[in-house]
Number of protein chains: 2
Amino acid sequence: MEAPPRPTELPGRIRRPEDRAPEIARAALDLFVTKGFAATKLEDVARAAGVSKGLPYLYFKSKEELFKAVIVEAIGEPLIRANELVDSFDGATEDLLRELVMKFREFAESPLGGVIKLILAEAGNFPDVARFYCSNFDRRGRDLFAKVLRRGIARGEFRPVADIEMSAILLAQPLAMHSVWLRSLAPYDESLPADSDRFYGAYLDFVLKGLRP
Amino acid sequence: MEAPPRPTELPGRIRRPEDRAPEIARAALDLFVTKGFAATKLEDVARAAGVSKGLPYLYFKSKEELFKAVIVEAIGEPLIRANELVDSFDGATEDLLRELVMKFREFAESPLGGVIKLILAEAGNFPDVARFYCSNFDRRGRDLFAKVLRRGIARGEFRPVADIEMSAILLAQPLAMHSVWLRSLAPYDESLPADSDRFYGAYLDFVLKGLRP
DNA sequence: ATATGGATACTGACCATTCAGTCATTATGG
DNA sequence: CCATAATGACTGAATGGTCAGTATCCATAT
């Protein structure tokens, strides 16, 4: 009927089929994390990715498929790298732990860090994703910390702890929580500036002192 | 036209205006926690509370008002009781901490414990609720732990820690995380049975050993 | 006691909106 | 000029919110 009013500064339609899927996935992750899955409209995802409403459906069958793709993609690579680190490290275990925490911090502060919040919030609505996460990310993450603990204890660098498995979880929990925190309450907490340096400093201090023989 | 088919075992319409609001709020909390706010239909809340679709709107102006009411109600009382405990306690600080963790456990394992997950997930969509939570629950919760730490250090029962404020947060994080955990991933984690005794045991062991002078 | 009527707790059909998903059409590159 | 990347108006289903009507309670009168 009528020529659609052309927006002045939009570069117009461009064809970049290879870049589209990751672009859309990244935009989706951000919005899912900040607003939640159900509260995020695919139209907003499309706008954030700079494409039209229909395009995401050319790359992802449905909103739910997009969700799963986003999670799986965000989880996979960082986990592999962390495993490599622990297995190939050979120095003081204290330094290994520092290094591992550093790696986690990179992950947590990248956009990918949002998956933790996302998973925790949506596990109930996506049981299969939850199970995937548990066996592939969570379990292995715990095993990573447990491995570090065992290494430290075996080398006489850490005191023996009663329950290694559970202690590994206790090590991981503040890290995970901090990542969630940054993306939920931190922006609204006036009494506590989101000072990650301070957090990781206190964390390492507390944990390493607590583990000394 | 036609007499509505009377369900056999429903007690029929009953009038209990005083009980309604809490009943609806409790049902809402449960569903908000398990499914998320946006994914929960008010019709389901009504059904879970055993009332008709329209009734919640007689007690709460809108879905959003219901959300806020649920949060505020769930947060208020447990916090007051915890404060009383810390202020009135006079024994070994280690025992105070054990007691405090015990109190938290009660809260975390009651239906109210779900608010933590709920807040973390929805803070971005309800900034004013997030701010309320920060100043009234979170800040005071941190202060509670900080107070305990200072007490222990002053009495020579705990070693001095570098950053008391942040250490208080580190103490609280595993507790909060465990509460979230129970309501999100725990049901899907086959490798880790949700054994709260074990968790709290390891937590107290780890923390108290780590704090010894 | 029993009847009457007015107040109000409650219901569920209905309306208006929002949004996931579709598709006819248009732009682009080779 | 063909193949296909991309668009955005459209649709159908779902759901937040409304409201006219119904059931129940209770105060008062008979």
Side-chain angles (χ1 to χ4, degrees), chain A residues 1-29 31-32 34-70 122 125-126, chain B residues 1-25 27-28 31-32 34-70 122 125-126:
Chain A
M1 304 293 152
E2 184 180 340
R6 171 157 288 277
T8 72
E9 24 82 44
L10 272 185
R13 214 187 279 187
I14 47 182
R15 294 159 65 95
R16 290 180 296 123
E18 315 79 26
D19 305 340
R20 289 309 192 196
E23 279 172 8
I24 293 167
R26 227 168 295 151
L29 175 59
L31 287 170
F32 289 163
T34 53
K35 309 181 59 156
F37 175 74
T40 299
K41 307 169 227 181
L42 262 209
E43 196 168 353
D44 293 343
V45 172
R47 190 175 8 255
V51 300
S52 70
K53 187 188 169 184
L55 195 65
Y57 288 96
L58 297 185
Y59 293 90
F60 304 93
K61 221 192 271 302
S62 68
K63 195 186 179 188
E64 194 165 322
E65 284 304 316
L66 174 58
F67 179 82
K68 295 179 187 175
V70 161
E122 303 292 343
N125 297 323
F126 298 90
Chain B
M1 307 301 143
E2 185 181 342
R6 171 156 288 275
T8 74
E9 26 81 45
L10 271 185
R13 212 189 279 188
I14 47 181
R15 295 159 62 94
R16 290 180 295 122
E18 312 79 25
D19 304 342
R20 290 308 192 197
E23 280 172 9
I24 293 167
L31 287 170
F32 289 163
T34 53
K35 310 181 57 155
F37 175 74
T40 299
K41 308 169 224 181
L42 263 209
E43 198 167 353
D44 292 343
V45 172
R47 193 178 2 259
V51 300
S52 69
K53 188 189 168 184
L55 194 64
Y57 288 96
L58 296 184
Y59 293 90
F60 305 94
K61 222 191 273 299
S62 66
K63 194 186 180 188
E64 193 165 324
E65 285 303 316
L66 173 58
F67 179 82
K68 295 180 188 175
V70 160
E122 303 292 345
N125 297 322
F126 299 90

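Just so you know, these numbers use all the heavy atoms, side chains as well, and skip hydrogens, waters and symmetry mates. What you are looking at is a predicted structure, and each value in this text was computed from that prediction instead of being measured. Residue numbering restarts at 1 for every chain, and letters A, B, ... go by the order of the sequence lines.
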> Excluding sequence neighbours, so at least two apart, what forms side-chain contact (heavy atoms from CB on, under 4.5 Å) with F67(B)?
Replying inline: F32(B), F37(B), I71(B), L118(B), E122(B), F126(B), V129(B)
> Tell me: CZ of R47(B) to P of dG16(D), nearest whole Å?
Replying inline: 12 Å
> Between dG12(C) atom C1' and Y57(B) atom OH, what is the distance in whole Å?
Replying inline: 14 Å
> Between L66(A) and L42(A), is a side chain to side chain contact (heavy atoms under 4.5 Å, CB included) present by the stated rule, with each step listed?
Replying inline: CA-CA 10 Å; L66(A) 174 58; L42(A) 262 209; 3.7 Å; yes
> Could you state the CZ-P distance from F67(A) to dC19(C), rounded to the nearest angstrom?
Replying inline: 18 Å
> Relative to the 5' end of DNA chain C, which residue comes earlier, K61(A) or A39(A), by the nucleotide with the nearest heavy atom?
Replying inline: A39(A)
> What is the distance, rounded to the nearest whole Å, between atom CG of L42(A) and atom P of dC10(D)?
Replying inline: 20 Å
>> Please report the interatomic distance NZ(K63(A)) to OH(Y57(A)), rounded to the nearest 0.5 Å.
In response: 8.0 Å
Table of protein N/O atoms under 3.5 Å from nucleotides 3-6 of chain D N/O atoms:
| from | atom 1 | to | atom 2 | distance (Å) |
| --- | --- | --- | --- | --- |
| dT4(D) | O2 | R15(A) | NH1 | 2.9 |
| dA5(D) | O4' | R15(A) | NH1 | 3.0 |
| dA6(D) | OP1 | I14(A) | O | 3.0 |
| dA6(D) | OP1 | R16(A) | N | 2.7 |
| dA6(D) | OP1 | R20(A) | NE | 2.9 |
| dA6(D) | OP1 | R20(A) | NH2 | 3.2 |
| dA6(D) | OP2 | Y59(A) | OH | 2.7 |
| dA6(D) | N3 | R13(A) | NH1 | 3.4 |

> Tell me: NZ of K63(B) to P of dA14(D), nearest whole Å?
Replying inline: 16 Å
> What integer distance in Å separates I24(B):CD1 from dT11(C):C1'?
Replying inline: 13 Å
>> Using the side chain to side chain donor-acceptor pair (under 3.5 Å) criterion, which residues pair with K68(A)? Sequence neighbours excluded.
In response: D128(A)
>> Under the rule for side chain to side chain donor-acceptor pair (under 3.5 Å), what residues qualify as partners of K35(B), not counting sequence neighbours?
In response: none
> Got a sec, which residues hit side-chain contact (heavy atoms from CB on, under 4.5 Å) with A69(B), two or more places apart in sequence or on another chain?
Replying inline: F60(B)
> Which pairs with one or both residues in residues 39-48 of chain B pass side chain to side chain donor-acceptor pair (under 3.5 Å), sequence neighbours excluded?
Replying inline: D44(B)-R47(B)
Provide a list of protein-nucleic acid N or O atom pairs under 3.5 angstrom, restricted to nucleotides 13-18 of chain C.
none

> Which whole-number value in Å describes the distance from D44(A) CG to dC19(C) P?
Replying inline: 8 Å
>> Restricting to side-chain contact (heavy atoms from CB on, under 4.5 Å), what partner residues turn up for S52(A), sequence neighbours left out?
In response: L55(A)
> By salt bridge (charged side-chain N to carboxylate O under 4.0 Å, His left out), which residues pair with E23(A), not counting sequence neighbours?
Replying inline: R16(A), R20(A)
